[in-house]
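Structure record follows, encoded as structure tokens.
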Amino acid sequence: MEGIYYSDYLQLDRVVNAQSPESDRLGSPAHDEMLFIITHQAYELWFKQIIHELKSIVEIFGQDAVEERSMGLVLHRLARVKQIFSLLVDQVDIIETMTPLDFMDFRNLLVPASGFQSLQFKQVEILLGVKQQQRIPADREFFYSRLKQEDRNSLKTAESAPNLFELTDAWLARIPFMRFANFDFWVEYKMAVDRMLASDREIIKNNPTLTEREIQFQLNDLAGTELRFESLLDKEKYQVLREKGEVRFSHQAYLAALFIHLYRDEPILYTSFRYLTLMLDIAQLLHGWRQRHVTMVQRMLGKKIGTGGSSGHEYLKATAERNQVFTDLTNIATFLIPKKDRPELPPQLTRALGFFLSGNAWNSDI
């Protein structure tokens with residue numbers, strides 16, 4: 001037979017024979033160990049594909065200017081990553097067909113191996129923008145301590161390279177703000193916000209279905225919303241929140257992201273809106289996978305420690321909450337205002353938004 005052969009091309013002799021259950025080797029086979037191995041091998045293969053896609057996007061965003069023609073490719077590859085993460089979440093259903101008692105047949109044979117040692121999962125986190133300083137202390141300790149020296153070196157190299165969060169921040173910060181001629185978008189936006197909050201205050205005060213206590217509670221909540229808007233529009237107050245770790249985007253980048261969300265239907269902004277939406281989808285799917293993993297581990301181990309020496313369920317629960325990226329995009333809904341209340345953009349700007357924007361500057365005659 002001429003040409004390439006199916007099994008040779010896929011190296012199936014290596015792939016389908018890459019399962020060596022420890023229980024078989026020790027002479028007391030545990031049936032579900034094969035499922036455990038294959039499921040985790042499948043995860044690692046999908047992690048490899050995710051890394052392949054993310055590195056290509058990092059390369060595009062690492063340019064001095066992100067060409068508009070490149071964004072279609074970026075969106076296509078991010079949509080693929082999103083689908084893979086969705087599959088990874090669903091894959092938990094398969095391993096959950098293994099009962100805790102079945103797992104106990106071979107669990108102790110795995111010590112001290114652990115998911116801590118998944119180099120590729122750590123690389124996925126790093127590429128997306130999870131930083132060492134945001135990890136809980138135990139996670140920082142385990143991050144390197146359970147790895148071979150060559151793997152530690154590989155991760156240190158990865159951490160020193162640009163990641164997708166940082167590159168997205170820089171990309172957003174390059175988008176020009178709407179200040180020209182006699183129009184300042186953020187002044188107009190603040191006026192619209194003030195009108196919206198004043199209207200909300202009157203609605204609360206004049207709501208006949210609320211008790212005095214309920215009115216005061218809602219007014220206090222509204223006051224908190226006002227403070228959040230103040231922190232958004234005041235660069236120094238925003239920076240305080242950033243130093244506390246309550247926000248990660250730079251002030252300029254966050255304002256740009258908000259503007260994109262407010263005027264997402266403008267032709268030149270829709271691609272950027274889709275990019276931010278996909279990044280948020282991926283971040284939430286990763287968080288959802290972590291949470292499913294937490295639930296699965298609790299079901300399998302209860303309060304037992306993990307095979308790698310962590311506190312098991314409690315450790316994974318804490319890392320699921322801390323090791324998140326692009327949470328600023330989740331909270332951007334706080335600062336959206338109704339379409340009817342959005343500042344009306346000058347005709348010159350509207351024409352620009354419907355025409356052409358390249359990387360760093362508006363290409364128009366405004």
Side-chain angles (χ1 to χ4, degrees), residues 46 49-87 123-130 161-178 180 185 248-286 325-333 335-336 339 342 345 348-366:
W46 285 123
Q49 185 65 38
I50 290 171
I51 291 168
H52 181 63
E53 304 297 347
L54 292 181
K55 281 185 174 180
S56 74
I57 296 168
V58 164
E59 184 177 353
I60 292 171
F61 268 72
Q63 304 299 315
D64 292 337
V66 180
E67 297 293 335
E68 293 300 313
R69 64 174 63 90
S70 300
M71 287 302 294
L73 185 61
V74 167
L75 296 182
H76 176 69
R77 290 175 180 174
L78 282 179
R80 178 181 292 162
V81 172
K82 175 184 173 181
Q83 288 301 118
I84 294 173
F85 270 117
S86 181
L87 176 65
Q123 290 172 330
V124 169
E125 286 187 317
I126 291 169
L127 278 167
L128 286 173
V130 176
N163 61 62
L164 204 47
F165 180 87
E166 293 167 342
L167 292 171
T168 299
D169 187 289
W171 170 71
L172 285 169
R174 291 197 298 267
I175 294 176
F177 293 128
M178 309 305 102
F180 62 94
F185 173 78
R248 288 192 63 193
F249 272 134
S250 66
H251 187 240
Q252 200 168 11
Y254 199 69
L255 290 179
L258 174 58
F259 184 85
I260 288 168
H261 278 73
L262 283 168
Y263 295 95
R264 66 185 186 187
D265 296 328
E266 297 294 341
I268 205 63
L269 295 181
Y270 187 72
T271 298
S272 299
F273 172 72
R274 285 292 301 136
Y275 171 79
L276 295 177
T277 300
L278 280 168
M279 290 309 307
L280 178 58
D281 289 343
I282 289 168
Q284 291 184 331
L285 281 168
L286 175 57
V325 287
F326 292 96
T327 51
D328 292 344
L329 297 178
T330 303
N331 298 325
I332 211 165
F335 306 109
L336 297 179
K339 288 182 179 180
R342 292 178 305 185
L345 303 178
Q348 308 100 301
L349 179 55
T350 302
R351 286 198 301 272
L353 291 174
F355 181 48
F356 180 75
L357 172 65
S358 175
N360 297 316
W362 295 95
N363 287 315
S364 68
D365 58 359
I366 55 174

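Quick caveat, the model's predicted, so the values are computed rather than measured.
- Rounded to the nearest 0.5 Å, atoms CD (Q49) and CD (Q83) are 13.0 Å apart.
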For L172 and I260, run side-chain contact (heavy atoms from CB on, under 4.5 Å): C-alpha distance rounded to whole Å, both residues' side-chain angles, the deciding distance at 0.1 Å, then the answer.
CA-CA 10 Å; L172 285 169; I260 288 168; 3.7 Å; yes
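- Here CG of L127 is found 14.5 Å from CZ of F165. Values are rounded to the nearest 0.5 Å.
- Not one N or O on the side chain of R264 forms a donor-acceptor pair closer than 3.5 Å with the backbone of H261.
- Note that CD1 of I51 is 4.5 Å distant from CD of Q123, once rounded to the nearest 0.5 Å.
- The side-chain contact (heavy atoms from CB on, under 4.5 Å) search around S86 returns D90, L285, not counting sequence neighbours.
- Closest non-hydrogen pair, D169 versus S250, comes out as OD2-N, 2.6 Å.
- Between F61 and Y275, the ring planes are parallel. Angles under 30° get that label, and only those over 60° would be called perpendicular.
- Summarising the geometry, atom CD1 belonging to I332 is positioned 9.5 Å from atom CG belonging to L280; distances are rounded to the nearest 0.5 Å.
- Between F249 and F326, the two ring planes are perpendicular [angle over 60°; tilted spans 30° to 60°].
- From I57, atom CD1 reaches atom CE of M71 across 9.0 Å, with rounding to the nearest 0.5 Å.
- Looking at V124 and V130, their side chains never come closer than 4.5 Å, going by heavy atoms from C-beta outward.
- Between L164 and M279 the shortest heavy-atom distance is CD2-CE, 3.5 Å.
- Here the NE2 atom belonging to H76 is positioned 7.5 Å from the CD atom belonging to E53, to the nearest 0.5 angstrom.
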Just do the side-chain contact (heavy atoms from CB on, under 4.5 Å) check on F273 and D265 with the steps written out, would you?
CA-CA 9 Å; F273 172 72; D265 296 328; over 6 Å; no
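- Considering all non-hydrogen atoms of both residues, N163 and L128 come closest at OD1-O, 4.4 Å.
- A donor-acceptor contact shorter than 3.5 Å links the side chain of Y254 to the backbone of D328.
- The nearest pair of heavy atoms linking A65 to R174 is CA-NH2, 4.3 Å.
- The shortest heavy-atom contact between V325 and G129 is CG1-C, 3.6 Å.
- Nearest approach of L269 to Y263, heavy atoms of both residues: CD1-O, 3.4 Å.
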Could you walk me through whether I60 and L167 pass side-chain contact (heavy atoms from CB on, under 4.5 Å), step by step?
CA-CA 10 Å; I60 292 171; L167 292 171; over 6 Å; no
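- Here the side chain of S70 pairs no donor or acceptor atom with the backbone of V66 at under 3.5 angstrom.
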